[in-house]
Amino acid sequence: MEVNIDQELAFKIAGKDYIIKDRSRAQNIRDEFIGEFKDILREHGACYGFLEYNALEQNYKYILGFELSDDCIIKNNNFTTYKLKKNPYLEVNIEDKDLEAGYKYVYKSFFPNKKYFHGLGPDVEFFQYDRQNDDIGQIKLFIALKENPNV
């Protein structure tokens, strides 16, 4: 897998949040969200997913949305705004639209290197719209990082 460390990832999205017990449910929720808001996806060219684990509740908060500044779109769709704090992230280019393979690579291959730990921020999923095929074209995964001070 092709990876890169991105030092300056921070932005705001407007969208909807969901609580899920099992991360495998995220794909169905994402597909439904993209279908429901396809016009916004076409207009803005990309959507994002923030997936954050809550260890106390043993569930995930999954936020799906768009980089929007139009208050009318936000209000008309009952979107809430969410901010992603500035943090270093591991950028993973997803091959064959297999997001699960990207997660497996990060958690089973990348993190055991001990140079970095998970930064405890949300995992960020990026879905680039492909106008020619009227579908998601490129997918990237961004994982919050924290450098191991003992290495």
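From a predicted model like this one, the values you see are computed outputs, not experimental measurements. We count residues from 1, following the sequence as given.
Judged by distance alone, with hydrogens and angles left aside, the side-chain atoms of D22 form a donor-acceptor pair with the main-chain N or O of S24 at under 3.5 Å. For Q58 (side chain) and K21 (main-chain N/O), no donor-acceptor pair under 3.5 Å exists by modelled atom type.
Classification of the F33-Y18 ring pair by plane angle, with boundaries at 30° and 60°, yields perpendicular. By the 30° and 60° cut-offs, the orientation of the rings of Y116 relative to F110 is parallel. Ring pair Y107/F111 is tilted by interplanar angle, where 30° to 60° counts as tilted.
From K115, atom NZ reaches atom CD1 of I5 across 7.5 Å, with rounding to the nearest 0.5 Å. Separating the NZ atom in K75 from the CG atom in D70 is a distance of 12.0 Å, to the nearest 0.5 Å. Note that CD1 of I13 and CD1 of I63 are 6.0 Å apart. Values are rounded to the nearest 0.5 Å.
Nearest heavy-atom pair across I136 and K97 is O-NZ, 2.6 Å. Residues N78 and K16 approach most closely at O-NZ, 3.7 Å, considering heavy atoms. Counting all heavy atoms, side chain and backbone alike, G102 lies closest to I94 at CA-CD1, 3.7 Å. Here the shortest heavy-atom pairing between L90 and V106 reads CD2-CG2, 3.9 Å. The heavy-atom pair separating E91 from F142 by the smallest distance is CG-CE2, 3.4 Å. Annotation for L120 and A144: closest pair N-CB, 4.4 Å, computed over non-hydrogen atoms.
Just one residue in the list K140, R23, R30 forms a salt bridge (charged side-chain N to carboxylate O under 4.0 Å, His left out) with E125, and that residue is R30. Under the ring pair (Phe, Tyr, Trp, His ring centres under 6.0 Å) rule, F126 has a single partner from F11, F66, Y48, F50, which is Y48. Results of the side chain to side chain contact (heavy atoms under 4.5 Å, CB included) test with I40 over K38, R42, H44 single out H44 as the only residue that passes.
F79 places none of its side-chain heavy atoms less than 4.5 Å from the side chain of T81. In this structure, the side chains of D123 and H118 come closer than 4.5 Å at one or more pairs of heavy atoms. Inter-residue side-chain proximity for K61 and I19 is flagged as met; some heavy-atom pair is nearer than 4.5 Å. C47 has its side chain out of reach of L64: every pair of non-hydrogen atoms, C-beta onward, lies at least 4.5 Å apart. The side-chain heavy atoms of D98 and Y105, taken from C-beta on, include no pair separated by under 4.5 Å.
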Apply side-chain contact (heavy atoms from CB on, under 4.5 Å) to N93 and Q138, showing your working. CA-CA 8 Å; N93 290 308; Q138 180 183 21; 4.0 Å; yes
Test side-chain hydrogen bond (donor to acceptor under 3.5 Å, both in side chains) on Y60 and R25 and set out the steps. CA-CA 10 Å; Y60 294 88; R25 289 259 310 119; over 6 Å; no
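For CG of N76, the number of neighbouring non-hydrogen atoms (other residues, nucleotides, ligands) closer than 6.0 Å is greater than 12.
A donor atom on one side chain and an acceptor atom on the other are not found under 3.5 Å apart for D135 and Y129.
Linking ILVMFWY residues whenever their side-chain heavy atoms come closer than 4.5 Å, directly or via other members, leaves Y103 and F117 in distinct clusters.
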